[in-house]
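Just below is one structure, and these are the notes that go with it.
Below, chains carry the letters A, B, ... as their sequence lines are ordered, and counting in each starts from 1.
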Number of protein chains: 2
Amino acid sequence: MSSTAEKLVAETRQLIMKGGYHGFSYADLAERFGIRKASIHHHFPSKAGLVVAVIEQQRAEIQKHIASLESGTPVAVDQLLAYINYWKQCIQDETAPFCLAGVLAAELPGLPPEVAVAVQGHFNDLRKWLEHVLALGVQQGTIRLENSPAIAAEFFQAAVYGAMLMARAYKDPSKFGLVVDAFFRRMRVDAA
Amino acid sequence: MSSTAEKLVAETRQLIMKGGYHGFSYADLAERFGIRKASIHHHFPSKAGLVVAVIEQQRAEIQKHIASLESGTPVAVDQLLAYINYWKQCIQDETAPFCLAGVLAAELPGLPPEVAVAVQGHFNDLRKWLEHVLALGVQQGTIRLENSPAIAAEFFQAAVYGAMLMARAYKDPSKFGLVVDAFFRRMRVDAA
DNA sequence: TTAAGACTACCTACTAGAAGGTAGTCATTT
DNA sequence: AAATGACTACCTTCTAGTAGGTAGTCTTAA
């Protein structure tokens, strides 16, 4: 991918996080980079295609992130904490005030089908990883679940996205940590 | 409010729940009722005004709902169960596949200011009611909290909205009940 | 009791601008 | 020479909103 295409993807990501799929246009992107709308169509012929590219890039980045997390520490609890802290940081400094796929999921029935499919792909990726790490934590004796890892992963995911929505709705980034920390504490065997 | 205005508000509510603020237009409404766009402007001069009317109507309805809930039963746990079951029903039969304010909150930074204010108003309403009912449950000895009722209310709210997002993202209405039930069980003293 | 005036809900016709997208051109680079 | 990435110059459709008009209803008062 060319550097311009990469910049377009990065900026689109920000714009979607702000206002969703229908909340931005090629004109917004053109203005930000001082180029014409037609030049954007050269890189991404359709809006749906551009947005799918943004989601897929995000998914690829997350897979890399997970890989480096797993090579960084074999401890499940530390991996989950790193995940949580990553989002705390992003929401706090507004580099990513909301999960891209989260905003899109909220308007899922109104999205072009190919975009909806990509969004659902992200949710599945994340759920599977959480299920895997939670099962690992149980095995390591640091996590205690009241349900199967599969159910707990969905529960965890709901807590993270719910917490994000709270932070946004109340315009208070600290709400994210408040909710997620309280939630995660309950899962930990050595919780304070 | 005239009956046409009421119909417009009701339909707008559905359209927002589907695709958010930027996901519908006056043309959509005009088509559904077989009237002209200009006629809609007669009832609601601006889009932001229409959407604020929808949110405010919803808020008023919820206040009525809460009042009837409280006159129906003085038991906090039953009130919370009624609230949860209301949403289970709505999501299942798709009369309201998502909370109106929830969709809008996801795109909050991209909304006209007056709409954003109304959305935040709803979140505050709900949070205050939850705080009140949870405190009542503690008093009645049927609910046990690990935090203050104020914190627990935010936690509860996050679980509900997170669960809604899961149901939508996975296109599986049962996910809502799954998450919310697991969450609520932990708060109940006599939980199975 | 009936006519005037105000009000309601809709209409046609229009606007400026934004939306997503296309066709063809023109420098650079490789 | 040929691919790249930008350009100008369009197009069509949609968007929110306006101007002005019409037919019917409701209120009031001679």
Side-chain angles (χ1 to χ4, degrees), chain A residues 1-55 57 103-104 107 109-119, chain B residues 1-55 57 103-104 107 109-119:
Chain A
M1 213 194 294
S2 77
S3 81
T4 302
E6 273 168 32
K7 279 193 285 178
L8 286 169
V9 165
E11 186 62 30
T12 301
R13 195 175 146 241
Q14 294 298 320
L15 291 172
I16 293 173
M17 285 191 292
K18 187 185 158 218
Y21 184 86
H22 299 287
F24 84 100
S25 72
Y26 273 37
D28 296 324
L29 289 166
E31 202 196 343
R32 284 198 205 219
F33 294 110
I35 60 173
R36 304 287 139 172
K37 286 192 298 167
S39 309
I40 301 171
H41 279 286
H42 168 72
H43 295 281
F44 299 99
S46 82
K47 187 182 182 183
L50 166 60
V51 173
V52 168
V54 173
I55 301 165
Q57 190 222 252
V103 187
L104 294 170
E107 51 178 337
L111 296 178
E114 64 265 49
V115 175
V117 167
V119 169
Chain B
M1 214 195 294
S2 77
S3 81
T4 303
E6 271 167 34
K7 279 192 284 178
L8 287 168
V9 165
E11 186 61 32
T12 302
R13 194 175 146 242
Q14 294 297 322
L15 290 172
I16 293 174
M17 284 191 291
K18 186 184 159 219
Y21 184 86
H22 300 287
F24 84 99
S25 74
Y26 273 38
D28 296 323
L29 289 167
E31 202 196 343
R32 280 193 208 223
F33 293 110
I35 60 172
R36 304 287 138 174
K37 288 190 298 165
S39 308
I40 301 170
H41 280 285
H42 166 74
H43 295 282
F44 299 99
S46 82
K47 187 181 182 183
L50 166 60
V51 173
V52 167
V54 174
I55 301 166
Q57 190 221 251
V103 187
L104 293 171
E107 53 178 335
L111 297 178
E114 64 265 46
V115 175
V117 167
V119 169

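In this structure, L29(B) atom CG and dC10(C) atom C1' are separated by 16 Å, rounded to whole Å. Distance H41(A) NE2 to dT8(D) P: 15 Å, rounded to the nearest Å. One can place CG of D28(B) at 13 Å from C1' of dA16(D), the figure rounded to the nearest angstrom. Summarising the geometry, the separation between CG on L15(B) and P on dA16(D) is reported as 11 Å, rounded to the nearest angstrom. Rounded to an integer number of Å, the gap from R36(B) CZ to dT12(C) P is 5 Å. For the pair Y26(A) OH and dC11(D) P, the interatomic distance rounds to 21 Å; values are reported in whole Å. Per the geometry, NE2 belonging to H22(B) stands 15 Å off C1' belonging to dC14(D), to the nearest Å. Straight-line distance from the CE atom of M1(B) to the P atom of dC7(C): 20 Å, rounded to whole Å.
In terms of phosphate contacts, S2(B) brings no side-chain nitrogen or oxygen within less than 4.0 Å of OP1 or OP2 of dT8(C). At the phosphate of dG20(C), neither OP1 nor OP2 sits under 4.0 Å from any side-chain N or O atom of S46(A).
Comparing dA6(D), dG5(D), dC10(C) by their closest approach to the side chain of H43(A) singles out dA6(D). Checking dC10(C), dT15(D), dC7(D) against every side-chain atom of A27(B), the shortest atom distance belongs to dT15(D). Closest to the side chain of S25(B), out of dT8(C), dT15(D), dA6(D), is dT15(D).
Residue-level contact check: S39(A) touches the bases, meaning some heavy atom is under 4.0 Å from a base atom. Base contact: A38(B) has a heavy atom under 4.0 Å from a base atom. Counting any heavy atom pair closer than 4.0 Å across all strands shown, F24(B) reaches sugar-phosphate atoms only and no base atom.
Partners of F24(A) according to the ring-ring contact (aromatic ring centres under 6.0 Å, His included) rule, which considers only residues two or more places apart in sequence or in another chain, do not exist here.
Here NE2 of H42(A) is found 8.5 Å from OG1 of T4(A). Values are rounded to the nearest 0.5 Å. How far NZ of K18(B) is from CG of D28(B): 7.5 Å, rounded to the nearest 0.5 Å.
Below the 3.5 angstrom threshold, one finds a donor paired with an acceptor across the side chain of K37(A) and the base of dG20(C).
Looking at V9(B) and F44(B), their side chains come closer than 4.5 Å, going by heavy atoms from C-beta outward. At a threshold of 4.5 Å between non-hydrogen side-chain atoms, the residues L111(B) and V51(B) do not count as touching.
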